[in-house]
Asks: 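Handing you a structure now.
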Amino acid sequence: MEFLAKAKPFLAVSLMQFSYAVMSIIAKSAMNQGMSPHVLVAYRMAVASILIAPFAIVLERKTRPKMTFTIFAKIMLISLFEPVLDQNLFYTAMKYTTTTFTTAICNTLPAVTFLLACIFRLENMDIKRVNCQAKVVGTLVAIGGATMMTLMKGKVIGLPWRADWRGNHHNQSVESGTDQKQNLLIGALLTLAGCFSWSFFIILQTVLLKSYPAQLSLTAMICVTGMVEGAVMAFAVEKGNTALWSLHLNCKLLAVIYGGVVSGTAFYIMGWVSKRRGPVFVSAFNPLNMVIVAILGSFFLAEKMYVGRIIGSVVIVIGIYIVLWGKSKDRLQSEPDRELAPIDQPIAASATVTMIAARDSGN
């Protein structure tokens, strides 16, 4: 029983990363079938709102602070950054590239958040300290890895479950033309822009939690306002094409329902694991999402792996672990901020980083 108790955090965070990976595959499949990424975001937030709102109403009915116009305006603002801008940029980037590529680039989120925290002077930096040096170096390494993934390609890696695993690359020229159409540069820029948007959300959310500490209620309101803003954006971008909003018993409906469920359950898992093992423990599992997406993508989406992009992914992971090491030293030197992030990252990328970044701006 003692072994099972110790294993629960590992199992929980692994399950969460697997859920995110499956969501990326399902979302990509739905978009391949013609689903608009903007409509997907609006629907996903609608499902998440339905799941989270009842718990917020019941569990925080006695502790919920009074809502003011100022707080509501702030909620509207941060929900515009996440989920609206962030998720729309992420899924649009996924249409240009692949699930593996966008998920790998999203691993730069801790570095991007650290960079913004330094710019807005929310991070206390003493460059003479080893942990501060580690965070700077890790950020540069992660950004370098993202650049490598965009510019480098290399040979196709043969996989045992694919027809080309013995080095049969007769479709190499076709793949090169496909890569040009996917436009990796645009996809990388959109993904990085999404990371910046989510980082802004992280910083603003931390400030808002001080004046409105009802985390579950805040989560529900962000989902609701994000749903409304996302729907407005979807209608504007798609020019009122109502046909894109139709759902049937196919992968599109699965992406909507599953995405909403993941958004709701990830909040609980993040909080449960972080309270027991800390946010650094949770974030250390983020690269697992990228590995699972790469395997599932090659199985179900026929995505190919390239040597250059694998190298870039490894460089990103190394950079992020350097940043996390620096943050772990921060936790030993000061009392950690226990506030948890109230909303998850879509795709591909991992929401648990939010908790680390929330502490960044609280220093």
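Below, all heavy atoms of this structure are taken into account, side chains as well, without hydrogens, waters or symmetry copies.
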Asks: Identify each donor-acceptor pair in which a side-chain atom of residues 49-57 lies under 3.5 Å from a protein atom, sequence neighbours left out, and give them as a table.
Replies:
{"from": "S49", "atom 1": "OG", "to": "M45", "atom 2": "O", "distance (Å)": "2.7"}
{"from": "S49", "atom 1": "OG", "to": "C223", "atom 2": "O", "distance (Å)": "3.3"}
{"from": "S49", "atom 1": "OG", "to": "V224", "atom 2": "N", "distance (Å)": "3.3"}

Asks: Using a 3.5 Å distance criterion without hydrogens, assess whether the side chain of T98 forms a donor-acceptor pair with backbone atoms of M94.
Replies: no
Asks: F235: what forms a ring pair (Phe, Tyr, Trp, His ring centres under 6.0 Å) with it, not counting sequence neighbours?
Replies: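 If we apply the ring pair (Phe, Tyr, Trp, His ring centres under 6.0 Å) test to F235, skipping adjacent residues, the hits are W245.
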Asks: Kindly state each residue pair satisfying side-chain hydrogen bond (donor to acceptor under 3.5 Å, both in side chains) with at least one member in residues 63-76, sequence neighbours excluded.
Replies: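 Passing the test, one end in residues 63-76: R64-S217.
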Asks: Please name the pair of heavy atoms, one in I127 and one in Q133, separated by the smallest distance, quoted to 0.1 Å.
Replies: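 Smallest interatomic distance, heavy atoms only, reads O-NE2, 2.8 Å.
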Asks: Kindly write out the residues that satisfy side chain to side chain donor-acceptor pair (under 3.5 Å) with T225, not counting sequence neighbours, or none if the list is empty.
Replies: S79
Asks: Is it the case that the side chain of E238 and the backbone of L244 share a donor-acceptor pair, with hydrogens and angles ignored and the cut-off at 3.5 Å?
Replies: no
Asks: Please step through side-chain contact (heavy atoms from CB on, under 4.5 Å) for the pair F201 and D86, ending with a clear verdict.
Replies: CA-CA 9 Å; F201 164 80; D86 170 42; over 6 Å; no
Asks: Between T108, L109, L89, which is the residue that forms a side chain to side chain contact (heavy atoms under 4.5 Å, CB included) with L192?
Replies: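 That would be T108; it is the only one of T108, L109, L89 passing the side chain to side chain contact (heavy atoms under 4.5 Å, CB included) with L192.
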Asks: For Y91 and S36, indicate whether the former's side chain and the latter's backbone hold a donor-acceptor pair under 3.5 Å.
Replies: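 Side chain of Y91 to backbone of S36, a donor-acceptor pair under 3.5 Å: no, none is there.
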Asks: Please step through side-chain contact (heavy atoms from CB on, under 4.5 Å) for the pair L296 and T99, ending with a clear verdict.
Replies: CA-CA 9 Å; L296 294 180; T99 56; over 6 Å; no
Asks: First locate atom CG of L190, then atom NZ of K95, and finally report the distance between them rounded to the nearest 0.5 Å.
Replies: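 Between L190 CG and K95 NZ, I get 11.5 Å after rounding to 0.5 Å.
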Asks: Starting at OH of Y96, measure out to CD1 of I186 and round the result to the nearest 0.5 Å.
Replies: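 These two atoms lie 5.0 Å from each other.
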Asks: If I compare all heavy atoms of T191 with all of C106, which pair ends up nearest, and what's the gap?
Replies: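 Smallest heavy-atom distance, with atoms named: CG2-SG, 3.7 Å.
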Asks: Using only atom types and a distance under 3.5 Å, with no angle test, would you say the side chain of S197 pairs donor to acceptor with the backbone of A193?
Replies: no
Asks: Using modelled atom types and a 3.5 Å cut-off, is there a donor and acceptor pairing between side-chain atoms of E303 and backbone atoms of S298?
Replies: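 Checked: no pair found.
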Asks: Kindly determine whether K28 and T102 satisfy side-chain contact (heavy atoms from CB on, under 4.5 Å), including the steps that lead there.
Replies: CA-CA 11 Å; K28 179 67 172 180; T102 50; over 6 Å; no
Asks: Looking at S246 and T242, would you say the former's side chain and the latter's main chain have a donor-acceptor pair under 3.5 Å?
Replies: no
Asks: Sequence neighbours excluded, which residues qualify as side chain to side chain contact (heavy atoms under 4.5 Å, CB included) partners of Q33?
Replies: N250, C251, K252
Asks: Quick one: list whatever passes ring pair (Phe, Tyr, Trp, His ring centres under 6.0 Å) with F81, sequence neighbours left out.
Replies: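 Result, ring pair (Phe, Tyr, Trp, His ring centres under 6.0 Å) vs F81: F200.
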Asks: Kindly determine whether M67 and M221 satisfy side-chain contact (heavy atoms from CB on, under 4.5 Å), including the steps that lead there.
Replies: CA-CA 11 Å; M67 176 60 64; M221 284 185 285; 3.2 Å; yes
